[in-house]
Peer 1: 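This is the structure I have questions about; it appears just below.
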Amino acid sequence: MVCFCFLVDQTRKVKRSKPAAGTCSRCGGGASVADMKTETRFCYVPFYWRSWRAIICTFCGAILKSYR
């Protein structure tokens, strides 16, 4: 019997961030505006990536608002 194993994963990285006004609705921590990069890989080879901006919590890391 032949078994195929496909490894697909997606990673999010914060390229840079700066403080923003407001607090997190989940934990009460501070918020920051971040430039994010999402990368999708197939067998460890990146085949799709996207850069976008989001407002994230500095304490828990939750994405509060995204601008794609």
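One-based numbering along the sequence shown. Computed from a predicted structure; not experimentally measured.
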Peer 1: Can you find a pair of side-chain heavy atoms, one from Val14 and one from Ile56, that are under 4.5 Å apart?
Peer 2: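 Counting from C-beta outward, Val14 and Ile56 do come under 4.5 Å.
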Peer 1: State plainly whether one hydrophobic cluster holds both Val8 and Val45, where clusters connect Ile, Leu, Val, Met, Phe, Trp and Tyr through side-chain heavy atoms under 4.5 angstrom apart.
Peer 2: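 The answer is no; the residues belong to distinct hydrophobic clusters.
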Peer 1: Report the C-alpha distance between Thr38 and Trp52 in whole Å, list the side-chain angles of each, state the deciding distance to 0.1 Å, and finish with yes or no for side-chain hydrogen bond (donor to acceptor under 3.5 Å, both in side chains).
Peer 2: CA-CA 8 Å; Thr38 303; Trp52 49 289; 2.7 Å; yes
Peer 1: Given the rule that I, L, V, M, F, W and Y join up when any side-chain heavy atoms are under 4.5 Å apart, are Leu64 and Tyr67 in one cluster?
Peer 2: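 As far as the 4.5 Å side-chain criterion goes, Tyr67 and Leu64 are connected within one cluster.
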Peer 1: Donor-acceptor pair, Ser32 side chain versus Thr58 backbone, under 3.5 Å?
Peer 2: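 Side chain of Ser32 to backbone of Thr58, a donor-acceptor pair under 3.5 Å: no, none is there.
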Peer 1: Under 6.0 Å from the CH2 atom of Trp49, do we count more than 12 heavy atoms belonging to anything else shown?
Peer 2: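 No, the 6.0 Å shell around CH2 holds no more than 12 heavy atoms from other groups.
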Peer 1: Looking at Tyr44, I'd like to know if its OH atom is crowded, meaning that more than 12 non-hydrogen atoms belonging to other residues, nucleotides or ligands lie closer than 6.0 Å.
Peer 2: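 At most 12 heavy atoms, drawn from other residues, nucleotides or ligands, come within 6.0 Å of this atom.
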Peer 1: Drop me the distance from Arg12's CZ to Glu39's CD, to the nearest 0.5 angstrom.
Peer 2: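 It is 13.5 Å, given to the nearest 0.5 Å.
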Peer 1: In the structure I gave you, are the side-chain heavy atoms of Arg53 and Val33 within less than 4.5 Å of one another anywhere?
Peer 2: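 A side-chain contact under 4.5 Å exists here.
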Peer 1: Inspect the contact between Asp35 and Lys15 and indicate whether a charged nitrogen and a carboxylate oxygen are less than 4.0 angstrom apart.
Peer 2: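 Salt bridge: no.
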Peer 1: Give the minimum heavy-atom separation between Ile55 and Ala31, together with the two atoms involved.
Peer 2: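 That would be CG2-CB, 4.1 Å.
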